Amino acid sequence: MTLLVVGSVAYDSVSTAAGTRDDALGGSATYFSVSSSFFTKVNVVAVIGDDFLESDKKKLLDYKIDISNLSTESGNTFRWKGVYDTSDVNIRETLDTQLNVFENFNPILSNSNKQSDYLFLANIAPDLQMKTLTQMSKRPKIVALDTMNFWIDDHKKDLTSIIEKVDILFMDNKEISSFTGETNLIAAARRIEEIGPSTIVIKKGEHGVIMFNKGDVFTAPALPIANVIDPTGAGDSFAGGFMGYIAKTNDTSNENLRRAIIAGSVMGSLAIEGFSIERFNKLTKNEIEDRFSRFIDITSFKTTGIT
Ligand code: AMP
């Protein structure tokens with residue numbers, strides 16, 4: 001099944017306990033598409049500046065990602081700069097965000113993209129997410145959306161308008177609390193259900209994920225990782241694994257969404273083991289399967305009762 005993503009393609013400057021990288025290939029659409037490419041064919045709608053390197057385009061093409069709707073405009077590519085706390089990787093501060101070519105971006109979907117079966121509105125300006133959704137000539141089987149505090153704090157009205165129209169919302173625990181005003185995650189998820197989405201996936205970093213889906217609740221831990229190099233893109237890689245798996249299997253049942261949560265967790269756990277998209281280089285399907293099995297191992301137990 002066809003999978004379409006609109007989001008940012010960026011140059012990230014990142015500093016973590018493991019080191020620093022300047023102007024490394026990043027962006028929500030980049031992480032999402034690289035991650036989902038291990039499951040299905042993915043098409044990217046985004047904009048890059050004329051400073052974007054041919055070698056970075058080639059990296060995306062190496063994953064067989066369709067970049068024919070990646071438009072190039074004069075100006076600089078989107079830039080993001082962040083620093084992670086050296087003693088707690090869950091703490092990140094954004095030092096700088098430069099929208100650059102995204103300021104005037106007008107996403108135009110090709111006729112075939114308008115027919116996509118699955119659509120992911122990755123972290124990007126909410127009005128661009130809306131412009132993408134309204135161009136679809138048929139309603140995708142699933143429309144999912146991710147966002148971040150930058151848009152929640154300053155573009156809440158636009159963000160609410162697009163959230164009303166999607167099926168699945170991804171947010172981390174801090175974002176959903178700030179968006180809904182609820183600190184209890186169950187209460188926060190209920191607030192989102194009242195707005196529209198029937199599935200809410202709350203990411204809790206190294207503490208895993210909780211999914212609320214039409215009355216069902218599913219939790220998954222994060223795989224304990226000994227050597228976290230760079231958490232940037234973990235959320236987008238998670239979403240890529242989740243949506244890529246659903247598009248590949250073309251099954252939106254609750255059981256399959258639960259498996260998709262694990263597929264997402266596998267890809268998120270890989271992303272943080274390298275800077276930028278480095279860990280995905282030479283990643284094999286066997287490694288992905290091994291990690292999937294490790295999730296089964298770390299979450300299953302036998303019981304003869306508890307009393
Ligand atoms: P994550 O670590 O999953 O939150 O995603 C980080 C990625 O999001 C980085 O590669 C950034 O380039 C990208 N990013 C950061 N801020 C924004 C923003 N305001 N809009 C779109 N993408 C962003």
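Counting starts at 1 for both ligands and their atoms, following the listed order. All values derive from a computational prediction rather than experimental measurement.
Ionic pairing of R294 and D290 is not present here: no N-O contact between side-chain nitrogen and carboxylate oxygen is shorter than 4.0 angstrom. Here D62 does not pair with K59 in a salt bridge; the nearest charged N to carboxylate O distance is not below 4.0 Å. A salt bridge links E273 with R291; the closest basic N to acidic carboxylate O contact falls under 4.0 Å.
Scanning the protein for heavy atoms near atom 15 (C) of ligand 1, the closest one is W80 CD1, 3.4 Å. In this structure, the protein non-hydrogen atom closest to atom 21 (C) of ligand 1 is N123 O, 3.1 Å.
For residues 212-238, the set of pairs meeting the side chain to side chain donor-acceptor pair (under 3.5 Å) definition, not counting sequence neighbours, comprises Y84-T232, T199-N213, N213-N254, D216-N254, D216-R258, D230-T232.
For ligand 1 and T232, the ligand atoms under 4.0 Å from any heavy atom of the residue are 2 (O), 6 (C), 9 (C), 10 (O). Under a 4.0 Å criterion applied to the non-hydrogen atoms of G233, ligand 1 contributes the atoms 1 (P), 2 (O), 3 (O), 5 (O), 6 (C). Atoms of ligand 1 lying under 4.0 Å from any heavy atom of A10, numbered from 1 in the order shown and given with element: 12 (O). Distances below 4.0 Å separate heavy atoms of G27 from the following atoms of ligand 1: 9 (C), 10 (O), 12 (O).
Residue contacts with ligand 1 include Y31, since one or more of its heavy atoms lies under 4.0 Å from the ligand. Residue contact annotation: F78 has a non-hydrogen atom under 4.0 Å from ligand 1.
Proximity of R92 to ligand 1, defined as any heavy-atom pair under 4.0 Å, is confined to the side chain (atoms from C-beta onward). Contact annotation for W151 and ligand 1: only side-chain heavy atoms (C-beta onward) come within less than 4.0 Å of the ligand. For D12, every heavy-atom contact with ligand 1 shorter than 4.0 Å involves the side chain, none the backbone.
Below 3.5 Å of separation, one finds no N or O of G26 facing any N or O of ligand 1. Below 3.5 Å of separation, one finds an N or O of S8 facing an N or O of ligand 1. Residue-to-ligand polar distances keep F150 apart from ligand 1: every N/O pair is separated by 3.5 Å or more. For ligand 1, the polar-atom distance check against M148 finds no nitrogen or oxygen pair separated by under 3.5 Å. For a threshold of 3.5 Å applied to N or O pairs, the pair formed by D236 and ligand 1 contains at least one separation below that value.
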Would F280 and Y63 satisfy ring pair (Phe, Tyr, Trp, His ring centres under 6.0 Å), going step by step from the backbone distance to the final call? CA-CA 9 Å; F280 294 114; Y63 290 98; 7.2 Å; no

Does D66 form a side chain to side chain contact (heavy atoms under 4.5 Å, CB included) with V42? I'd like the steps, not just the answer. CA-CA 6 Å; D66 185 334; V42 56; over 6 Å; no

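Using cut-offs of 30° and 60° on the angle between ring planes, the pair F170 and F242 is perpendicular. Ring orientation note: the planes of F105 and F102 are nearly perpendicular, at an angle over 60° on the 30°/60° scale.
Residues T180 and A188 come closest through the heavy atom pair OG1-CB, 3.5 Å.
Judged as a side-chain hydrogen bond (donor to acceptor under 3.5 Å, both in side chains), and not counting sequence neighbours, the contacts of D23 are R79.
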